[in-house]
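Presented below is the structure to which this report refers.
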Amino acid sequence: MDNRRTFLAAAGAVLAACATKKDVEADAEPSRIGKPLKAYGERAPFEKIARLTPTTKQMENGATRTPLADLHGIITPSSLHFERHHSGVPEIDPAKHQLMIHGMVDRPLVFTMDELKRLPSVSRIHFVECSGNSGSEWGAKSAPDVQRGFGLASCSEWTGVPLALLLAEAGVQKGATWLHAEGADACKMTRSIPIDKGLKDILLVYGQNGESLRPEQGYPLRLLVPGWEGNVNVKWVHRIKVSDQPQYARDETAHYTDLMADGKARIFTFDMDAKSVITNPSGGQKIGSQGLFEIRGLAWSGRGRIEKVEVTLDGGKTWKPAQVDEVRHRMAFTRFRMPWKFDGTETVIASRAIDETGYVQPLRDDLIEVRGKNSQYHNNAVKFWKVNADGSVKNVEA
Ligand code: CO
């Protein structure tokens, strides 16, 4: 707390000095009548934050990542949510889209979008993270910055219908244990999901951050499976089959399984474990001058609420609690902050998240000890950044 008070006092002095200078400049600007009204808003023309797009055209199968280090708070603008699709983004007319629930049910059902939207709805804030996020951080090819190393994760407010409601209406038969959710994209992307999760908290969502879903996010309807790997949050969902076994679909056998050191693979690894990353300062950034600075970052856990976040300023020897923004939503991004004075000393920084189950985000070596380095998936290791004497920041594992 002492740290914080010192920071605020010093920040006050800096602010007073800055404000005086800016007032003079602002007064020098002539006032002019601004632009006219618009039907749909746009950001200021000075704002250029964007997702990197692949240099080679990957129309059918590709990904873009969220520039987390350039954003504020916990909500990802829908326009910057990461994208991952396996056969391009379909254009679906919501008037023609239907959802079928069938298989081991007493009453197979088909819903139109209008029918789904009439049902009791909920809005919840949750992250979605591809299990391949931070896959680069297993080995020698570490990503140079937060977008490339951590950007397959985003957080939105989602609105839709609890799947449990529709399953109750359909009447799940005794012995049913799995759901097979299928998308309406060209590859009919399908994942098997234990029915218990469907009865607990899965949503069929049509709203994202106050608007309809973006086409890239599954318009007009997707699954939102809180805390579970992105791939099971099936987009453009049009069919859910109730079954007594998993389907062993392509994307849960050839992909999205975790190859271990002994050659065996983990399958149906759904939970996204607690994770955090310092977004400022982070790889690729440069601190312009010495002085006061706020270390900022994001933490999240697929198993519930973030309990606390700790930050090290000495390469992991000691850890101090960061300030964590309230409200802390379950299975959602949580923003953390810590005041820091950069005095030109080379410093190795990192954060680690602790969730409400008591789970502590592991160090990379500890994670590799258990899981080896073959897998591309489920890397939630602590990320160290090195702030060099000149203020440039590098990925220590790069
Ligand atoms: Co997995």
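Sequential numbering from 1 along the given sequence is applied to the chain's residues. In each ligand, atom 1 is the first atom listed, and ligand 1 is the first ligand listed.
Among heteroatoms of the N, O or S kind in H378, NE2 lies nearest the Co ion (ligand 1).
Among the atoms of E229, an N, O or S atom is found under 2.8 Å from the Co ion (ligand 1). Coordination check, Y377 versus the Co ion (ligand 1): failed, since every N/O/S atom of the residue sits at 2.8 Å or beyond.
By the 6.0 Å and 45° rule, R352 stacks over the aromatic ring of W319.
What you find for S121 and Y206 is that their closest heavy atoms are CB-OH, 3.6 Å.
Of the charged side-chain nitrogens involved, none lies within less than 4.0 Å of a carboxylate oxygen, so that K200 and D196 do not count as a salt-bridged pair.
No side-chain heavy atom of L259 sits under 4.5 Å from any side-chain heavy atom of Y377.
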